[in-house]
Asks: 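If you scroll down you'll find the structure; I have some questions about it.
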Amino acid sequence: QVQLVESGGGLVQAGGSLRLSCAASGDTFTNYALGWFRQAPGTERKFLATISQSGGGTYYADSVNGRFTIARDNDENTVFLQMNSLKPEDTAVYYCAASKGMATNDDWYDYWGQGTQVTVSS
């Protein structure tokens, strides 16, 4: 099993940046691809980005491609989401998740963090 704990959320003005972190413990970190998702109130959870076990492969949702960057540090068992040019519509709870392979569908992810709130003011 993998335990995931997100951090780095908060309140930021539109146009600003935030860097989310997700620390993993438990099973071998490099066994898993990682993903970031978000969920705004009253909406379904949505895929944002995923990264391969080695970190050499990444894939983004169109809505964040070019603004968000996913990265991982396999020595520190941590995955990051750098978020730039934030918009009010980016306001949501952000989750990291672990899967056996890169995926955009949340059904493929076996382990989830508790989430961190990101609020972007206009």
Side-chain angles (χ1 to χ4, degrees):
Q1 288 192 346
V2 177
Q3 292 77 47
L4 301 169
V5 179
E6 301 96 338
S7 61
L11 174 64
V12 63
Q13 287 188 332
S17 298
L18 278 177
R19 187 193 196 203
L20 304 183
S21 300
C22 175
S25 60
D27 199 359
T28 304
F29 187 62
T30 50
N31 284 347
Y32 298 90
L34 282 300
W36 283 96
F37 293 76
R38 69 186 179 191
Q39 187 169 22
T43 70
E44 294 184 349
R45 189 163 52 193
K46 295 181 180 178
F47 165 78
L48 299 175
T50 183
I51 188 166
S52 65
Q53 284 85 336
S54 69
T58 58
Y59 183 78
Y60 297 89
D62 289 344
S63 60
V64 303
N65 195 18
R67 298 192 299 128
F68 291 9
T69 302
I70 189 171
R72 65 190 292 165
D73 184 335
N74 285 343
D75 291 331
E76 296 295 328
N77 292 355
T78 303
V79 61
F80 305 96
L81 187 68
Q82 177 67 43
M83 306 186 295
N84 298 328
S85 302
L86 284 163
K87 307 173 183 179
E89 51 264 43
D90 293 318
T91 295
V93 177
Y94 284 68
Y95 299 91
C96 67
S99 171
K100 286 297 188 179
M102 294 175 65
T104 61
N105 190 322
D106 57 4
D107 287 342
W108 285 80
Y109 287 82
D110 300 310
Y111 304 104
W112 293 83
Q114 82 290 349
T116 186
Q117 176 70 45
V118 171
T119 302
V120 184
S121 63
S122 57

Asks: Keeping Thr50 on the side-chain end and Met102 on the backbone end, is there a donor-acceptor pair under 3.5 Å?
Replies: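 It does not hold such a pair.
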Asks: Looking at Cys96, is its backbone amide N or carbonyl O close enough to the side chain of Glu6 to form a donor-acceptor pair, meaning the two atoms are under 3.5 Å apart?
Replies: yes
Asks: My understanding is that only residues two or more places apart in sequence, or in another chain, count here; which of them pass side chain to side chain contact (heavy atoms under 4.5 Å, CB included) with Asn65?
Replies: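 With sequence neighbours excluded, Asn65 shows a side chain to side chain contact (heavy atoms under 4.5 Å, CB included) to Tyr60, given in chain and number order.
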Asks: Is there any disulfide bond (SG atoms under 2.5 Å apart) pair reaching into residues 55-94, and which pairs are they, with sequence neighbours excluded?
Replies: none
Asks: Within the distance-only criterion (no hydrogens, no angle test), does the side chain of Arg72 pair as donor or acceptor with the backbone N or O of Phe29 below 3.5 angstrom?
Replies: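 Yes, Arg72 side chain to Phe29 backbone: donor-acceptor pair under 3.5 Å.
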Asks: Short question: side chain of Arg67, backbone of Ser85 - any donor-acceptor pair under 3.5 Å?
Replies: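 Flag set: sc Arg67 to bb Ser85 pair under 3.5 Å.
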Asks: So for atom CD, which belongs to Gln3, do other residues, nucleotides or ligands contribute more than 12 heavy atoms lying within a distance under 6.0 Å?
Replies: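 It does: Gln3 CD has more than 12 such atoms within range.
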Asks: In chain order, what residues pass the side chain to side chain contact (heavy atoms under 4.5 Å, CB included) check against Asp110, with sequence neighbours excluded?
Replies: Lys100
Asks: Who are the side chain to side chain contact (heavy atoms under 4.5 Å, CB included) partners of Ser21, not counting sequence neighbours?
Replies: Ser7, Thr78, Phe80
Asks: Would Phe37 and Trp112 count as a ring pair (Phe, Tyr, Trp, His ring centres under 6.0 Å) if you check the C-alpha gap in whole Å, the side-chain angles of each, and the deciding distance to 0.1 Å?
Replies: CA-CA 10 Å; Phe37 293 76; Trp112 293 83; 5.0 Å; yes
Asks: List in chain and number order the residues that pass side chain to side chain contact (heavy atoms under 4.5 Å, CB included) with Thr104, two or more places apart in sequence or in another chain; answer none if no residue qualifies.
Replies: Phe47, Tyr59
Asks: Output all residues satisfying salt bridge (charged side-chain N to carboxylate O under 4.0 Å, His left out) with Arg19, sequence neighbours left out; order by chain, then residue number.
Replies: none
